[in-house]
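Below: the structure, in structure tokens.
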Amino acid sequence: MTPEELSAAVRACLQEAVDAGELALPASAVPQSVRVERPRNRDHGDWATSVALQLAKPAGLPPRQVAEVVAGRLASVAGVKSVDVAGPGFLNVTLDAAAAGELARAVVEAGPAFGRTGALAGRKVNLEFVSANPTGPVHLGGTRWAAVGDSLARVLQAAGADVTREYYFNDHGAQIDRFARSLLARANGQDAPEDGYGGDYIEEIATTIVTDALAADGRDPRNLPEPEALEAFRSRGVALMFDEVKKSLHDFRVDFDVYFHEDSLHSSGAVATVVQQLKDSGRLFEADGAWWLRSTEFGDDKDRVVIKSDGNPAYVAGDLAYLRDKRARGFDLCIYLLGADHHGYVARLKAAAAAFGDDPDVVEVLIGQMVNLVRDGVPVRMSKRAGTVVTMEDLVEAVGVDAARYALVRSSVDSQIDVDLDLLVKRTNDNPVFYVQYAHARTSGVGRNSRDLGVRTEDGFDPSLLDHATESALLAAIGDFPRVVAQAAELREPHRVARYLEALAGSYHKWYDERRVTPMGEEAVTDVHRTRLWLNDATRTVLANGLDLLGVGAPDRM
RNA sequence: GCGCCCGUAGCUCAACGGAUAGAGCAUCUGACUACGGAUCAGAAGGUUGCAGGUUCGAGUCCUGCCGGGCGCGCCA
């Protein structure tokens with residue numbers, strides 16, 4: 001029996017009780033779906049629901065009395081072993097071992113599909129994340145958003161959404177000009193300008209640009225007149241940096257469906273069109289020589305300049321056109337994953353939607369807190385000047401993709417997290433990813449061993465044999481997976497999957513310690529071995545599906 | 001000053017408004033002569049920053065403080 005089936009059974013019992021006049025409840029008070037959860041304390045049964053507590057008030061009865069009514073009916077449902085009313089009115093349900101054990105087969109047969117739901121079916125979602133400026137490599141903060149964003153995309157897809165991963169490439173404006181000037185200066189052996197970029201990578205790119213140009217046609221771009229030289233270094237530099245960023249992301253197993261170039265919004269005239277539309281609809285006003293969007297009408301804390309007094313579009317102009325573009329491409333939900341230093345954008349992006357008469361709820365902004373670099377327990381301020389910037393490549397080189405992704409995705413984005421490179425390099429066991437991966441490797445090993453000794457799942461399955469406490473705990477954990485995934489998708493919190501996997505791995509290790517799958521010596525193969533192998537394989541399926549949602553490998557051996 | 005996030009075990013972090021607040025690491029004690037000990041069993045460790053409030057029930061919601069982070073450009 002799956003939790004979904006139990007939930008439906010509880011609801012049916014409620015409905016019956018209402019129909020029979022045992023509960024005086026308005027039809028609207030009967031919940032559409034009853035929440036069934038694993039109790040924290042295993043003594044409280046396999047599953048629990050607090051529905052009686054919630055219905056006590058509308059029913060005008062003490063909660064325990066409501067619970068008794070439901071319990072009486074639920075106890076006779078096939079597969080339910082016992083129902084207890086506990087505490088203030090919780091319903092604690094224990095399933096027949098056989099009914100609970102059926103889950104093992106269902107999971108194995110579902111395979112990679114187990115955990116997928118239709119919770120977000122029909123939603124066309126644009127998920128924008130990382131979107132770092134092409135003026136340098138992806139740093140630690142961007143790495144967090146890469147891990148979280150990609151995992152969130154996978155979780156949303158598992159919930160049935162149609163997801164496009166998108167990267168907004170800010171290849172337009174003053175920052176890029178500074179980048180180009182920095183490259184040119186370095187190519188000429190000069191220091192970077194005061195407001196420029198000075199990392200080693202600038203030197204490398206500058207050198208590459210010159211070398212490539214000389215190899216191509218023998219013309220040194222440094223000898224061009226300054227405007228042309230700047231343009232040469234700008235376009236080549238951005239392209240090289242872009243390639244490097246893409247490569248880092250790819251090596252981190254994060255590939256975007258769309259790399260959107262901000263510059264294209266300006267060169268295509270999209271920005272001009274959008275500005276004209278806003279002028280026509282009276283959403284813009286002129287003051288101090290500039291054109292302003294009256295975004296305060298839509299919840300922003302101040303109005304925003306869209307066209308600067310020098311006639312050039314301000315950054316928001318690109319945001320406006322970009323959101324229009326996303327909507328025109330058919331997305332009904334546009335999620336932005338941004339760092340805490342951008343939280344001021346939330347109101348602005350919502351206003352960008354509202355200014356066009358669009359529903360602000362199509363824009364959803366997730367603000368993630370910063371990543372601190374720590375060395376020996378002391379926070380290190382990341383600074384390009386001091387050479388203390390840690391990049392995505394540094395992190396991967398130090399701990400590997402699996403450990404890096406897992407460490408960054410297992411915490412809520414609301415929490416600031418500390419990354420201590422020295423610690424991660426020294427004691428990688430600190431990372432719970434190995435606990436989870438080891439559990440998967442163990443399921444694989446058990447499968448290999450038992451099959452070598454002739455245990456075949458297809459020869460038998462008797463779920464009533466799964467009667468040990470560690471077995472009901474493991475089955476309950478397995479059964480919880482679809483709910484966890486759906487909840488992670490709904491709340492946009494992929495870290496829940498990681499925490500769930502740690503608990504599942506724990507349940508598996510405890511079971512492994514208590515129950516043996518592989519026959520000993522000349523022992524004959526029986527349904528006990530076969531049935532346990534089903535449970536082993538079911539666990540392996542869920543661990544693999546869960547790790548996949550995090551973009552972390554599920555090794556067969558470690 | 002205003003806005004957003006955070007404050008939970010020694011450390012890093014969890015916990016749809018639910019029952020005795022949980023994991024990992026660190027500390028201590030046990031378990032390999034048969035599935036890999038990257039494991040398991042157990043101990044210790046907490047006034048969930050403080051003070052009020054909401055209700056059957058608050059780490060979670062509301063108000064006010066205290067502490068930390070990040071923002072508040074005709075920069076991008």
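Each chain gets a letter, A, B and so on, in the order its sequence line appears, and its residues count up from 1. Just so it is clear, the model here is predicted, and its values are computed rather than measured. Side-chain atoms are counted along with the backbone in the values below, which use heavy atoms only and exclude waters and symmetry mates.
- Using a 4.0 Å heavy-atom criterion, one finds that A:Gly173 contacts the sugar-phosphate atoms exclusively.
- When both pairing distances are held under 3.5 Å, B:G37 makes no Watson-Crick or G-U pair with any nucleotide shown.
- In this structure, the CG atom of A:Asp414 is 18 Å from the P atom of B:G69, given to the nearest Å.
- Taking the C1' atoms as reference points, B:A9 lies 13 Å from B:U47, given to the whole Å.
- Residue A:Ser411 is in sugar-phosphate contact alone, with no base atom involved, counting any heavy-atom pair closer than 4.0 Å across all strands shown.
- Regarding A:Arg410, its CZ atom lies at a distance of 10 Å from the P atom of B:G24, rounded to whole Å.
- Rounded to whole Å, the P atom of B:U39 lies 22 Å from the corresponding atom of B:A44.
- Taking the 5.5 Å centre cut-off and the 30° plane limit, the aromatic side chain of A:Phe90 is classed as stacked on B:A19.
- Searching all strands for a Watson-Crick or G-U wobble partner of B:G71 with both distances below 3.5 Å returns B:C2.
- Residue-level contact check: A:Ala48 touches the bases, meaning some heavy atom is under 4.0 Å from a base atom.
- Here the nucleotide nearest the side chain of A:Met370, chosen from B:G24, B:A38, B:C70, is B:C70.
- For the OP1/OP2 pair of B:A14 and a distance below 4.0 Å, the side-chain nitrogens and oxygens of A:Ser415 include at least one atom meeting the criterion.
- Put simply, A:His495 has a side-chain N or O that comes within less than 4.0 Å of OP1 or OP2 on B:A15.
- Nucleotides B:A34 and B:U29 are separated by 26 Å at their P atoms, to the nearest Å.
- For the 3.5 Å distance criterion, the side chains of A:His261 and A:Asp171 qualify, holding a donor opposite an acceptor.
- Among the protein residues, A:Gln487 comes within range of the sugar-phosphate backbone only, with heavy atoms under 4.0 Å from sugar or phosphate atoms but none that close to a base.
- Under 4.0 angstrom from either OP1 or OP2 of B:G37 there lies at least one side-chain N or O belonging to A:Tyr512.
- Across all strands shown, nothing is found opposite B:U8 as a Watson-Crick or G-U wobble partner with both distances under 3.5 Å.
- Side-chain atoms of A:Thr49 come within 3.5 Å of backbone atoms of A:Arg35 as a donor-acceptor pair (strictly under, hydrogens ignored).
- Nucleotide B:C72 holds its C1' atom 7 Å from the NE2 atom of A:His343, rounded to whole Å.
- Nucleotide B:G64 forms a pair with B:C50, judged by Watson-Crick or G-U wobble geometry with both contacts under 3.5 Å.
- Taking atom P in both B:C65 and B:C4, one finds a spacing of 14 Å when rounded to whole Å.
- When the P atom is used for both B:U48 and B:C11, the distance is 16 Å, rounded to whole Å.
- Of the N and O atoms on the side chains of A:Trp511 and A:Glu471, at least one donor lies less than 3.5 Å from an acceptor on the other residue.
- Ring geometry for A:Tyr259 versus A:Phe242: interplanar angle over 60°, hence perpendicular rather than tilted (30 to 60°).
- OP1 or OP2 of B:A15 has at least one side-chain nitrogen or oxygen of A:Arg496 nearer than 4.0 Å.
- A cation-pi contact, defined as under 6.0 Å to the ring centre and within 45° of the axis, is absent between A:Arg234 and A:Phe179.
- At a threshold of 4.0 angstrom between heavy atoms, the contacts of A:Arg348 include nucleobase atoms, whether or not backbone atoms are also involved.
- Donor-acceptor pairing under 3.5 Å is recorded for the side chains of A:Tyr322 and A:Glu166.
- As a whole-Å value, the separation of A:Arg515 CZ from B:A41 P is 15 Å.
- The number of heavy atoms from other shown groups lying within 6.0 Å of CD (A:Glu4) is above 12.
- The same atom, P, is picked in B:U20 and in B:A26; the two are 31 Å apart, to the nearest Å.
- Residue A:Ala86 is in base contact, counting any heavy-atom pair closer than 4.0 Å across all strands shown.
- Heavy atoms of A:Ser412 sit under 4.0 angstrom from primed sugar atoms or phosphate atoms, though from no base atom.
- With a 3.5 Å ceiling on both atom-pair distances, the Watson-Crick or G-U wobble partner of B:G18 is B:C56.
- Taking the six-membered ring for Trp and the full ring otherwise, A:His342 and A:Tyr336 have centroids separated by 6.0 Å or more.
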Given side chain to side chain donor-acceptor pair (under 3.5 Å), test A:Ser444 with A:Arg540 step by step and report yes or no.
CA-CA 7 Å; A:Ser444 305; A:Arg540 180 163 186 260; 2.9 Å; yes
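- Atom pair A:Asp402:CG and B:A38:C1' shows a separation of 14 Å (rounding to whole Å applied).
- Across all strands shown, B:C28 is found opposite B:G42 as a Watson-Crick or G-U wobble partner, with both distances under 3.5 Å.
- Ring-to-base geometry places A:His44 in a stacked arrangement with B:A19 (centre distance under 5.5 Å, plane angle under 30°).
- Where A:Asp341 and A:Glu502 meet RNA chain B, the nucleotide closest to each residue was compared, and A:Glu502 sits on the side nearer the 5' end.
- For B:A14 and B:G30, the C1' atoms lie 28 Å apart once the distance is rounded to whole Å.
- An OP1 or OP2 oxygen of B:U39 is reached within less than 4.0 angstrom by no side-chain nitrogen or oxygen of A:Lys510.
- The same atom, C1', is picked in B:G7 and in B:A21; the two are 16 Å apart, to the nearest Å.
- Contact annotation for A:Glu37: base contact, defined as any heavy-atom pair under 4.0 Å involving a base atom.
- Ranking B:C56, B:G69, B:C74 by closeness to the A:Leu53 side chain, first place goes to B:C56.
- What separates CZ of A:Arg35 from C1' of B:G17 is a distance of 10 Å, to the nearest Å.
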Start with the C-alpha distance between A:Asp537 and A:Arg451, add both sets of side-chain angles, then the distance that settles salt bridge (charged side-chain N to carboxylate O under 4.0 Å, His left out), and finish with yes or no.
CA-CA 12 Å; A:Asp537 291 353; A:Arg451 285 185 173 82; 2.6 Å; yes
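- Here the side chain of A:Arg557 is nearest to one of B:A19, B:U55, B:G36, namely B:G36.
- Taking side-chain N and O atoms only, A:Lys302 has a distance below 4.0 Å to OP1 or OP2 of B:G73.
- Within residues 521-540 of chain A, the residues approached by RNA chain B to less than 4.0 Å at the level of any non-hydrogen atom are A:Gly521, in residue-number order.
- Using a cutoff of 4.0 Å between basic side-chain nitrogens and carboxylate oxygens, A:Lys350 and A:Asp300 are not scored as salt-bridged.
- A:Asn92 comes within 4.0 angstrom of a nucleotide base, judged by non-hydrogen atoms across all strands.
- Between the side chains of A:His509 and A:Arg442, at least one donor N or O lies within less than 3.5 Å of an accepting N or O.
- Counting to the nearest Å, the C1' atom of B:C35 and the CZ atom of A:Arg442 are 8 Å from each other.
- A donor N or O paired with an acceptor N or O is not found under 3.5 Å between the base of B:A34 and the side-chain atoms of A:Asn449.
- With the nearest nucleotide of RNA chain B identified for both A:Ala290 and A:Ile417, A:Ile417 has the one nearer the 5' end.
- Following rounding to the nearest Å, A:Tyr406 (OH) and B:A14 (P) show an atom-to-atom distance of 12 Å.
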